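All heavy atoms count here, side chains included; hydrogens, waters and symmetry mates do not. On a predicted model such as this, the values are computed, not experimentally measured, just so you know. Letters A, B, ... mirror the listed sequences (proteins, then strands); counts begin at 1.
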Amino acid sequence: MTVSANRGEGPPNIFLFLCEKPGMATERYNPRTSEPRWQKAWEEARLFETSNEDERPTYYVLEMFPYPSGRIHIGHTRNYTMGDVVARYKRAKGFNVLHPMGWDAFGMPAENAAMQNKVQPKEWTYQTIAVMRDQLKMMGLSLDWSREFATCDVDYYHRQQMLFLDFHEKGLVTRKTSKVNWDPVDRTVLANEQVIDGRGWRSGALVESRELAQWFFKITDYSEDLLEALDGLEGWPEKVRLMQRNWIGRSEGLSIRWPLVEDTAPHGEQELEVYTTRPDTIFGASFMAIAADHPLARKAAEGNAELAAFVEECRRVGTSAAVLETAEKKGFDTGIRVRHPFDPEWTLPVYVANFVLMEYGTGAIFGCPSGDQRDLDFARKYGLPVVPVVMPEGADAATFQIADEAYSDDGVMINSRFLDGLSNDEAFEEVAKQLEHETLSGRPVAERKVNFRLRDWGISRQRYWGCPIPMIHCDACGVVPVPKEDLPVKLPDDIDFEKPGNPLDRHPTWRHVKCPQCSADARRETDTMDTFVDSSWYFVRFTAPHAETPTERDVANRWLPVDQYIGGIEHAILHLLYSRFFTRGMRETGHLDFAEPFKGLFTQGMVVHETYRAEDGRWLAPSEVRIDTSGEGRKAFEVATGREVTVGSLEKMSKSKKNTVSPEEITESFGADTARWFMLSDSPPDRDVEWTDDGAAGAHRFIQRVWRLVGEAAPAIADVTPAAARDGGAAPISKAAHKALKVVEEDIEQLAFNRAIARIHQLANELQAPFGTLAEADRATRSAAREAVEILIHLIAPFMPHLAEECWAAIGGEGLVSASAWPQYDPALVVDDLIVLPVQINGKKRGDLTIAREADQAAVEKAVLALDFVQKALNGASPRRVIVVPNRIVNVVA
RNA sequence: GCGGGUGUGGCGGAACUGGUAGACGCGACGGAUUCAAAAUCCGUUUCUGGUGACAGAGUGUCGGUUCGAGUCCGACCACCCGCACCA
């Protein structure tokens, strides 16, 4: 019977067993005393402080910096451990490694905490950072803390304001009105993600769609560049590149101007411009649809109360995706008619439709029901004609019909006059060619146009805890930039959070300034920047964190792009796209000389845990649950009540489901090395890993095993110099070590940490038996053993640095293993002289052949045919074929 | 709807460009050590049949290419993720 305590009673008290048996040399490894000692040793040696003057080749490894939300959680731990393994490995390989850490410290949670706890956001944030910094330090990460900063440091946002002004000067910043989600209770703009079912996520108020003057970065100037450069980002996951491609959303089409029928048009309006990617379907058009915000819709609504009501209704529905998704497709006939560009006699109605977006294309479309499902639904609803114009190749034009499903694939043109019989691609060209040459009031009727889905980046937030936008509003001079010498625009510290809305607006003095141009009374911009701005260049700042200017150009050029960036897939689009834009902007403004910030990108999986739920629906934390495996299957019981609880699915660790295990719980019981080792074991790093107590215990078991292996070998290898054994009885020891060294190296280079760990396990297994008799072994064997132990220690060092140091010290190694060079494997030792070839008969494995590695094909064939089981299978006949794949396999075809 | 990914023992997962399927770990079972336990060590562990050597089956399903398929091709099924009134 096994009843395992699942956290509730605390971890098994392993520290009581400092000495296992009287007379036995090896004590158990005690991470609680060992880990802090080595952390201190590293710090005193300033081992991880990186110098910009170091001449060696650079390697920049960076993990996405954390938001100081309260405590480090286990997901952070996994992320930073991965980066740390790479950093420590590259350092051992002789690179000058930059591995910094900082804090993405502006944002709403600090304001929320301020409102709830009556502390200033600044105070709360720095307190939180202090706690989290200590937690990170417990992990034994090889970080250069001398470069640490938080984005809310005045020093940092000062330089960000400098960048903003430079961007502004270069024309990369613009101010325009745009539609936003406005929460009327909290009196602030909400991001789309913050609108849930049309309501503000905090206030629960119905969100309004409002027009507001906002600051924007002109990321769309770079649409084409940002898209094309994705092809060159070979160190990025294809998935992320694809997501960015889709997000940028390039499409090629035609912008076509349709003349309005004079007596139906509002005064002064003569034409309607639409964008289409399918000009080939122009003879299938049966209606025009325009956005509710389209100028023509507004004008038409002026004299039409019913239409005005419809337009108002569309606007109220809001802009959030969730609302749009469920809204029924509706239209309203404006009474306006347009003439077909190829046939002045043919007129089509203009509808205002709730599914047309003002933000994309021209805010107007022509509807071709036969070729677009949405248009088809619309046409059926309002009784509009449906004329098929493209049919699949081989279909019969006379009988081809559209019923409930539109045909949007490629095909052959029908019912399209001069286009009939062409492919739809040819028809596209033909329509474009003709309309480009026709004119309407002196200009071409149509123009080829490339459209992007990407929109400019709105950075205005009506918040306090963010980087102030360094602009001033003057009644006389308009919007005036704050002169650089007046920077930084500092956030005030005395802030009142009693009322909703932006506290900067209400501050008694902060916003009142003199206009830098005319010295009249003027007002500061009270919007602050989106926190994504802060994270769009922090990786550059790390290269010269104390510089007066935002960057030191040469230093930035030397370190960047980041060789290996590691973080969550959730940032695949926004953060990474913004950073790519920002880097381009910084190049434009002379702060650096490259376009792409991240050469290698790795997106790691989440840490997940089972969920537990009591009968009454309460979520239970792992520490409140006892797991019982004594009966049939696993059962879980609530510790407090003894009642059985439901074991639920694996979920990302979250407070709401209480399925969290904190990094402290682990480090305090098993130590940081166990957490690090377990986190990278088993699951590939880009997939989710399930945190289990058994797994953690297993990782800790391995630590003790390595410690014992090294400790027991130590006396026998103390007085020998390390040397590989090429032949003789000790050769297997050296071969095992060198093979492992080669493979682990390759695995780490590929970030295949789970495979590297499996290989290290294997090496420990292979050393186990020969090390049992080491005390009586000859000198050559002990030399080989010493070398193997040193290799083993180097292999575990990136993963379990504390244990590695302790082992290094135990064998009398010189200095710190964290500061020593990676060993080199001997190519002669990673190949075997004798190889075992599997032998197949008709593709099924029937046995093995052991033969010299150099044996040629003929020799192999001869040896194979001489094998008992082969002769038996052939039964005297000669084989039809013998396939010998050198050093791989032999297949005899009978 | 569009785009992408994944599917291998009881579980997490290995398997480089087609070449011994199941490395390594977890769990389980058996044994050693112990007065007993903890810890540790040794062994077994894809399934079916057989005491056994061995035989047969087996990488979501069906089919194909090949001397040989987890890997390549075609169709399908399931799950996961991203985007989505994009004209």
In whole Å, what separates the [atom1] atom of [N] from that of [M]?
N	M	atom1	value
B:U51	B:C62	P	31 Å
B:G4	B:U8	P	22 Å
B:U65	B:G18	C1'	12 Å
B:U6	B:G70	C1'	13 Å
B:G60	B:U71	P	8 Å
B:C29	B:A21	C1'	24 Å
B:G13	B:A23	P	16 Å
B:G52	B:A69	C1'	33 Å

Applying salt bridge (Lys or Arg N to Asp or Glu O under 4.0 Å), can you list everything that pairs with [X], at least two apart in sequence or on another chain?
X	result
A:D688	none
A:E273	none
A:R448	A:E429, A:E436
A:E238	A:R241, A:R245

From the set [options], return the single nucleotide nearest to any side-chain atom of [X].
X	options	answer
A:L242	B:A14, B:G3, B:A87	B:G3
A:Y360	B:G13, B:A84, B:A87	B:A87
A:R374	B:C67, B:A87, B:G27	B:A87
A:Y275	B:G27, B:A87, B:A57	B:A87
A:Q768	B:A84, B:G12, B:C41	B:C41

Query raised in the report: Taking only residues two or more places apart in sequence, or in another chain, which ones meet A:D747 in a side-chain contact (heavy atoms from CB on, under 4.5 Å)?
Result: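 For A:D747, the residues satisfying side-chain contact (heavy atoms from CB on, under 4.5 Å) (neighbours in sequence not counted) are A:V743, A:A752, A:R755, A:A756, A:R759.
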Query raised in the report: With A:E252, which residues qualify under side-chain contact (heavy atoms from CB on, under 4.5 Å), at least two apart?
Result: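 Here the qualifying residues are A:R250, A:V450.
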Query raised in the report: Where does the angle between the aromatic ring planes of A:W677 and A:H761 fall among parallel (under 30°), tilted (30 to 60°) and perpendicular (over 60°)?
Result: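 Aromatic pair A:W677/A:H761 classed tilted.
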What's [X] touching, base or sugar-phosphate or nothing? Going by heavy atoms closer than 4.0 Å.
X	answer
A:R245	nothing
A:V356	base
A:S683	sugar-phosphate
A:R701	sugar-phosphate

Report task. Scan nucleotides 19-24 of chain B nucleotide by nucleotide, 5' to 3', and note B when protein non-hydrogen atoms come under 4.0 Å of the base, S if they reach only the sugar-phosphate, - if neither. Result -> BB--BS
Length of the [atom1]-[atom2] vector between [X] and [N], whole Å:
X	N	atom1	atom2	answer
A:R241	B:C83	CZ	C1'	19 Å
A:E570	B:C83	CD	P	12 Å
A:D375	B:C86	CG	C1'	12 Å
A:E690	B:C11	CD	P	13 Å
A:R846	B:C54	CZ	P	11 Å
A:M606	B:G82	CE	C1'	13 Å
A:R705	B:A39	CZ	P	16 Å
A:K239	B:G4	NZ	P	11 Å

Requested in this report: To the nearest 0.5 angstrom, please state how far the CE atom of A:M82 sits from the CG atom of A:L751.
Outcome: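 If I round to the nearest 0.5 Å, the distance is 8.5 Å.
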Query raised in the report: Rounded to the nearest 0.5 Å, how far apart are CD1 of A:I365 and CZ of A:F378?
Result: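 Interatomic distance, A:I365 CD1 to A:F378 CZ, rounded to 0.5 Å: 8.0 Å.
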**Report entry** Partners meeting ring pair (Phe, Tyr, Trp, His ring centres under 6.0 Å) with A:Y578 (sequence neighbours left out)
**Finding:**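 Scan of A:Y578 (ring pair (Phe, Tyr, Trp, His ring centres under 6.0 Å), adjacent residues dropped) gives A:W457, A:F532.
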Requested in this report: Answer syn or anti for B:G9, where the cut-off is 90° from 0 on the glycosidic torsion.
Outcome: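 Chi for B:G9 falls in the syn range.
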Query raised in the report: Taking the six-membered ring of A:W707, is NZ or CZ of A:R28 closer than 6.0 Å to its centre and within 45° of its axis?
Result: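 Judged by the rule (NZ or CZ under 6.0 Å from the ring centre, within 45° of its axis), A:R28 is not positioned above A:W707.
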Report task. Return the 5'-most residue of the pair A:R881, A:A699 with respect to RNA chain B, ranking by each residue's nearest nucleotide. Result ->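 Nearest nucleotide further toward 5': that of A:A699.
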Query - 5′-ward residue of the pair A:V893/A:A769 relative to RNA chain B - result: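 The 5'-side residue here is A:A769.
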Query raised in the report: Which stems, defined as runs of 3 or more consecutive Watson-Crick or G-U wobble pairs with both pairing distances under 3.5 Å, involve RNA chain B?
Result: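 Stem list for RNA chain B: B:1-7 with B:77-83, B:10-12 with B:24-26, B:27-32 with B:40-45, B:46-49 with B:54-57, B:60-64 with B:72-76.
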Query raised in the report: What do you reckon, are the aromatic ring centroids of A:Y351 and A:F332 less than 6.0 Å apart?
Result: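 Between A:F332 and A:Y351, which both carry aromatic rings, the centre distance is not below 6.0 Å.
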